[in-house]
Peer 1: 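Before anything else, here's the structure in question.
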There are 2 protein chains.
Amino acid sequence: MTEQLKRATISDVAEHAGVSRAAVSKVLRNAYGVSPAMRTKVEESMTLLNYRPLALARGMRGNSYTLGVFLVDLSNTFFSVLAEGIRDVAEELGYQVLIGQARQGLDAQQKLIEAMIDRRMDGLVLIAPFGPNDELEKLGRTIPVVVLGRHGPAKYFDTVASDDIAGSALIVDHLVSLGHERISMLANTQPDSEPGMPQTVRRHGYDLAMEKHGLSQWIDHVPGRWGTESGLEAGRSLAARPLAQRPSALHGGADVAALGAYTALFEAGIHIPDDMSIVGYDNIPATGLPPIGLSTVDQSGVQMGRQAAELLLSRIEGRTESEHVLVSPRLIVRKTSAPPRR
Amino acid sequence: MTEQLKRATISDVAEHAGVSRAAVSKVLRNAYGVSPAMRTKVEESMTLLNYRPLALARGMRGNSYTLGVFLVDLSNTFFSVLAEGIRDVAEELGYQVLIGQARQGLDAQQKLIEAMIDRRMDGLVLIAPFGPNDELEKLGRTIPVVVLGRHGPAKYFDTVASDDIAGSALIVDHLVSLGHERISMLANTQPDSEPGMPQTVRRHGYDLAMEKHGLSQWIDHVPGRWGTESGLEAGRSLAARPLAQRPSALHGGADVAALGAYTALFEAGIHIPDDMSIVGYDNIPATGLPPIGLSTVDQSGVQMGRQAAELLLSRIEGRTESEHVLVSPRLIVRKTSAPPRR
DNA sequence: GGATTTGTGTAGATCGGTCTACGTTTGTCT
DNA sequence: AGACAAACGTAGACCGATCTACACAAATCC
């Protein structure tokens, strides 16, 4: 049984190359003041000794070369697509992405963010965080932060979001063009909703679009949160309404909720789209399964993830004025939206 | 604009409490040699100064209190359920779980694992890793490792897996009891398959079950990998077969693949379950959507995740003999399995 | 040709914890 | 009472990098 070989440290490399530790460190960081001769000499020793710098130790003074991605819900596959986009960009620049998943609740979120700070991550991407904008501003003054899914403006962090006003308009326009008038929306009415959160903006976009079409009288927010569970409940509550008070079409708010509602309505014998049209939002993979074929709005998650990573890295490099990116959504018509039967 | 307050260090706490840094460290680690008086004194100072130990610095000598979860595919929602189980247990014991997602390929996997080691994680849970068992054994001698989804035996790491032999038998028994004889299986035929991998064991379980029922002549492995893409292709290849060579039922191997096949067959006009029955494996959320209702095998992911975390933590505490846990799967009959039409 | 600048390399402090070794006090046993 | 062990607390090295300050040599300037 061979003894576990001790891994090489920067001192080992320095000794082997016959230079100082500081010199090796410079090579490692591509810092100024290294002659070509020295660089090759050191690099040879590094490969020879199979040296890998200990990211942990680097983090003590310099960068940890680690980015944290904060998520609430790993089972929302849209979020995992975002995470992929982030990873792709980060890896190209030698950063490692580590994902943390928080339990529900503001407390758990705070804990996880602290845990990431305590591990000296160089920056954070927050995907659909809860909580007031103030808190995020405070956080943004402590560590570089990009928030994915919340709209700007913000002073101390960047944002990348889908243009949710436009997205809601796409949905309402589409449904109206099919002949619908009575269009409800699954509105995320979490108690701590803030301006800029997608639920707030999408709801507002829905209101605006309805007004634009002269359908203000039919504006109807079905309360709940955006998750499968809550979508189920919302669907049941719709099914329980007397026929005369039931909408002919539904803006699902988010795919996970829309699919939940779909499920509940289906189980109640309400046929989609004959009895009711449904359009979701996010274009998660499950929406494409053909027996379902949920019409939805696509936000090109990978692209958004890449954008977020680029912003975060440039912020780590020193940029201080905040930037706010809006991505144009795209309507995807499948099988759950059709003219009302009437 | 208030200046960002510097965070308190262990020295600040020590000074405030009028004790040595070593003493504070002892309190922090619940180490031996702390009087009750001293403990309360130190703890008061800690809360007063709002002190949080820097996990990064702790990792330099002691534990980093961080567990790494390695994943290949974040969009496989079964994996995210596992991750939740791991997190729940780890958090109770003061460990933080961070998830790393690798690109496809052995190289990318190796890189990610190294990155986790370089961040001094205290232990790793590998979910469905690629690669030969030897490599994992070598890894297990470097750092505590639990492999989720691969069967034992193994000397230097623990495993938690579904009893895939039993799971495959559940599927075949169920289909046979419905009257099927010609039962094919989507067999994951990745080039680097190793004994102990779920794809290997489930395929073997299928073979055994078919033999048990005297159906050896119908054993049929449809080649591919386990992913939506590959499932689609497999489904198309099945649809392209002349009717006489088409199975009447399909063991999907894994839900993601089964849903892919479902999609392709559906699009080819083959109706499920009238023309063909399909049973998946994993019970991912999408299988429960009512218009689909994929029959499948449940492995209680949260439970498996919890088990894995418990094993990892006990290994970190010093256990050295490996343990291998097998979780009993459970058949879930929904709507995609029915008697053959004939 | 002396002064200044530029390029290259090093010594040693530093980050914020943990750990070992040891000194001091207190308690227990004969 | 003296010997010995247990309990408690501290000093200071240590983990593996980065970073600041500075020394020295070569190149450039007037």
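Below, chain A is the first sequence line, B the second, and so on; all start at residue 1. Reckoned from all heavy atoms, side chains included, excluding hydrogens, waters and symmetry mates.
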Peer 1: Which letter, B, S or -, goes with each nucleotide of nucleotides 10-20 of chain D from 5' to 3', with contact meaning a protein heavy atom under 4.0 Å?
Peer 2: BB-BBBBBBB-

Peer 1: Reading DNA chain C 5' to 3', which nucleotide is the first, and which the last, to come under 4.0 Å of any heavy atom in chain B?
Peer 2: C:dG16 to C:dC19

Peer 1: Start with the C-alpha distance between A:R319 and A:S314, add both sets of side-chain angles, then the distance that settles side chain to side chain donor-acceptor pair (under 3.5 Å), and finish with yes or no.
Peer 2: CA-CA 6 Å; A:R319 176 173 54 79; A:S314 76; 2.9 Å; yes

Peer 1: Any donor and acceptor pair, going by atom type alone, linking the side chain of B:S20 with main-chain N or O of B:A23 inside 3.5 Å?
Peer 2: yes

Peer 1: A:I117 versus A:L139: any side-chain heavy-atom pair under 4.5 Å?
Peer 2: yes

Peer 1: Does the side-chain contact (heavy atoms from CB on, under 4.5 Å) test come out yes or no for A:L124 and A:L312, once each step is laid out?
Peer 2: CA-CA 8 Å; A:L124 302 181; A:L312 186 58; 5.8 Å; no

Peer 1: Return yes if some donor-acceptor pair links the side-chain N/O of B:H151 with the main-chain N/O of B:M197 below 3.5 Å, else return no.
Peer 2: no

Peer 1: For the helix from C:dG1-D:dC30 to C:dT30-D:dA1, figure out the bend between the end axes, five pairs an end, and round to 10 degrees.
Peer 2: 30°

Peer 1: Tell me if a side-chain donor or acceptor on A:H324 pairs with a main-chain N or O of A:V160 at a distance below 3.5 Å.
Peer 2: no

Peer 1: Side chains of A:R58 and A:S64: donor-acceptor distance under 3.5 Å anywhere?
Peer 2: no

Peer 1: Are the side chains of A:Q101 and A:V72 in contact, using a 4.5 Å heavy-atom criterion?
Peer 2: no

Peer 1: Evaluate side chain to side chain donor-acceptor pair (under 3.5 Å) for A:S25 paired with A:R29, printing each intermediate quantity in order.
Peer 2: CA-CA 6 Å; A:S25 175; A:R29 288 172 291 130; 3.0 Å; yes

Peer 1: Test side-chain contact (heavy atoms from CB on, under 4.5 Å) on B:V327 and B:Q299; report intermediate values, then the result.
Peer 2: CA-CA 7 Å; B:V327 177; B:Q299 330 183 38; 5.6 Å; no

